[in-house]
Amino acid sequence: MKGANYWTDFARYPTVLASLIIVVGAAVLALLAPYLGLPNPEEMAGDLSELYVRPGAEHWMGTDNFGRDMLSRVIWGTRLAFQVAIVASLVSTLLGVMLGSIAGYFGGWVDHILARTFDVFLLIPAFFLVILIVALFGSNIYLIILAIAITSWSGQARIMRSQVLTLKSRTYVQASLGMGSSHLRVLFRHIVPNGLAPLITNGTILMGLAILTEAGLSFLGLGDQSTISWGRMIFEGQSQLRVAAWLVIFPGLAMLLLVAALNLLGDGLNQVLDPNLRVRGNPEKAPLPEGLSGRGVAEDGPATGRTGSEGEGLLEVRDLTMFYHLGDNWVRAVDGVSFSLERDGGLGIVGESGCGKSSLGLALMQVLPRNAKILGGSVRFDGREILNAGDDSFRSVRWKRMSTVFQSAMNALNPVLKVRQQLAEAYRLHRPDAGRAEVQERIEEIFDTIGIPRWRMESYPHELSGGMRQRVMIALSLLLNPELIIADEPSTALDVLVQDQILAEIDKLRSRTNLSLILISHDMGTVAETCERIAVMYAGQLVEEAPTDAIFSDPRHPYTQALVNAVPRLTGRKHELTSLPGEPFVPIGDLRGCRFAPRCSFATDLCRQQEPSRQRVDAGHISACHFALDERIENRAGERLLL
């Protein structure tokens, strides 16, 4: 895949692209003005025979009361506008970065003093402070630029401070300190560069503000009289509106266009530089890959035939397809996935990072990123089709009957709300008629269930250990007594003992509440302890599904064998742990053959040319491999996968 192409990203936003063209065009025109036959009109005597000439072929913007060409004056005013905008914004940003980063990083009394200083400058009206500085010290253009910078730096400082407060606790910062780096080196080498994106985008807004401030001063007669300013042109032309309105209109339009373009450019930079806001594609307008035009999502309404009460599995997934649209490509994150989950059953979904496990969980919960789209398939919950049931209909299922445990509990919990508040909000969202006593009783009950002391309900997420935060996420998913939980890496980033405790808690809850479970993990050992069945996922497809014992004793897909061989054992015959060569396959574009073939030692021309079908190995054991029933696969499994 290609790296980020910022020009392509800009092209996705027509207004931003237009603003970029305006800014660049104005800058080039202003820079080259002396070389385009447009000398400084203030240094030339006016032509008294051409006073108040209307805009036309000879003078595109007409002439003023001294016979000076207004086009030349507007272009030379652009030079001053860019000078004020760039220098003032740069000085303001430098001050903000230095003081804001120091305040956020060192904290304590340093942060207290600097933060109060920021507040004072934000409370004082900036324009009036600039007027005061200019009135006291003079109207030299460089003094005006400095005054504008001094009055606008505090906003940049607050943004930088908030960025540093977030970044200074990151692992790479602590690692750099552990290696012996000084605080200043860590601050300006590792923290500040990672927090500059919002300051860059805000800087373009400050540029527009600086232009307006200087123009306002010139309009009031407080600007530098030796310069050509748009504000001064408007000031001089206001008394002649009846005679020559163009003296005001053209500099006003130039200022409006440039300031608006700078503001739109700031929004565009924010979209492009911030990966959380960046949209790589529009799945609604993008053409579908070949072969998918005939697929569709099942219709709303109850399932025909059997219902859940008649013995159907709790969850029935058939040919579920969900792609991500990135640029001009579709990434096949979930491609034709089918499986069933019985009531009270446990299904583990395993595979390498990037194989589509988490995307499958998001598709089941229908919590999708902006560039994701479900292109086909069917998902029946308790006999009812829920895949395109609509938000109102699916709300009766999501979280009440089917909930999820997200990865990274610290990021999933709101850092500024106490744990009790977050659980109470979730409970009232689905049961708005619940009284305060009912909510409190349910929260206390669920805390007892997951093994956290009740007094911890009044803690903020950062006051809890990693294991406790993960338990809180489990409590949140169990709050409304759902029948199914989709647990996405519930023990990620926890130590081995805490992982074991979390898995033990989940197992106890299953036996106590008849809970069904889909456990998403890259750890084969984790799912082996918790789930009765395992589904192996690779490049967006399920390549093997079988009971847990069969997966470990008789895997019939080379990828499954590689995963099992990488699991160390304390009992049985010793064997060498092997790693899988190559990199995970990225399912993009037109695909042919088996996706695992580039990394498979069994691959033949058949594998590279034809996609394997799902073959039945045994009762409940399915493998998507051309050689699933071949003796070579069976013998290799028997030789190397001894328990």
Side-chain angles (χ1 to χ4, degrees), residues 337-342 344-353 355-357 360 486-492 496 499-500 502-504 506-507 510-511 516-539 541-581 584 594 596 599-602 612 614-643:
V337 169
S338 300
F339 65 86
S340 299
L341 178 66
E342 299 297 326
D344 308 333
L347 174 67
I349 299 178
V350 298
E352 295 171 282
S353 295
C355 68
K357 307 185 302 298
L360 175 59
I486 302 172
D488 190 357
E489 302 280 7
S491 57
T492 297
V496 177
Q499 286 186 31
D500 189 63
I502 295 293
L503 294 175
I506 293 176
D507 198 48
R510 286 191 58 204
S511 60
S516 298
L517 173 70
I518 294 178
L519 178 60
I520 298 172
S521 178
H522 62 273
D523 189 341
M524 295 288 288
T526 296
V527 296
E529 296 178 7
T530 312
C531 303
E532 295 81 27
R533 293 184 62 81
I534 294 178
V536 181
M537 201 163 182
Y538 185 78
Q541 296 179 322
L542 289 187
V543 296
E544 187 164 10
E545 182 185 356
T548 301
D549 291 342
I551 286 290
F552 281 89
S553 62
D554 188 22
R556 291 304 183 92
H557 194 284
Y559 180 62
T560 309
Q561 293 182 3
L563 294 179
V564 175
N565 280 329
V567 179
R569 298 183 181 83
L570 299 178
T571 60
R573 182 187 301 177
K574 295 182 180 179
H575 71 283
E576 179 182 357
L577 297 180
T578 59
S579 61
L580 190 61
C594 177
F596 187 64
R599 308 172 72 185
C600 181
S601 59
F602 293 101
R614 292 164 61 90
Q615 299 194 52
R616 184 175 183 273
V617 178
D618 203 345
H621 189 167
I622 302 296
S623 174
C625 176
H626 288 296
F627 306 106
L629 305 179
D630 194 285
E631 292 183 355
R632 293 181 300 165
I633 297 286
E634 182 179 5
N635 291 338
R636 186 169 180 177
E639 292 174 1
R640 304 186 62 184
L641 305 177
L642 297 175
L643 292 174

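Sequence positions, counted from 1, serve as the residue numbers for this chain. Because the structure is a prediction, the values reported are computed rather than measured. These values consider heavy atoms only, across backbone and side chains, with no hydrogens, waters or symmetry-generated copies.
- Of the possible donor and acceptor atoms, none in the side chain of E545 sits under 3.5 Å from a partner among the backbone N and O of R533.
- Every side-chain contact (heavy atoms from CB on, under 4.5 Å) that C355 has, sequence neighbours left out, goes to K357, M537.
- H621 and D554 get closest at one heavy-atom pair: CE1-O, 3.2 Å.
- In terms of the side chain to side chain donor-acceptor pair (under 3.5 Å) criterion, residue partners of S340 (sequence neighbours excluded) are, by chain and number, E316, R318.
- Residues forming a side chain to side chain donor-acceptor pair (under 3.5 Å) with H626 (at least two apart in sequence, or on another chain): none.
- Considering CD1 of I622 and CZ of R556, their distance stands at 12.0 Å, rounded to 0.5 Å.
- Judged as a side chain to side chain donor-acceptor pair (under 3.5 Å), and not counting sequence neighbours, R614 has no contacts.
- Closest approach of P555 and T560 over heavy atoms only: CB-CG2, 3.7 Å.
- Between the CD1 atom of I534 and the CG atom of L542 there is a distance of 12.5 Å, given to the nearest 0.5 Å.
- Note: L341 CG to L517 CG = 8.0 Å, rounded to the nearest 0.5 Å.
- The CD1 atom of I551 sits 8.5 Å away from the OG atom of S623 when rounded to the nearest 0.5 Å.
- Between A528 and T548, the closest heavy-atom pair is CA-CG2, 3.8 Å.
- A donor-acceptor distance shorter than 3.5 angstrom exists from the side chain of E544 to the backbone of H557, with no hydrogens or angles considered.
- The heavy-atom pair separating C531 from L347 by the smallest distance is SG-C, 3.6 Å.
- E529 meets the salt bridge (charged side-chain N to carboxylate O under 4.0 Å, His left out) test with no other residue; sequence neighbours excluded.
- Between Y559 and Y538, the gap from one ring centroid to the other is short of 6.0 Å.
- From I520, atom CD1 reaches atom CD1 of I349 across 5.0 Å, with rounding to the nearest 0.5 Å.
- Partners of Q615 under the side chain to side chain donor-acceptor pair (under 3.5 Å) rule, at least two apart in sequence or in another chain, do not exist in this structure.
- For the pair P558 and S601, the minimum side-chain heavy-atom distance is 4.5 Å or more.
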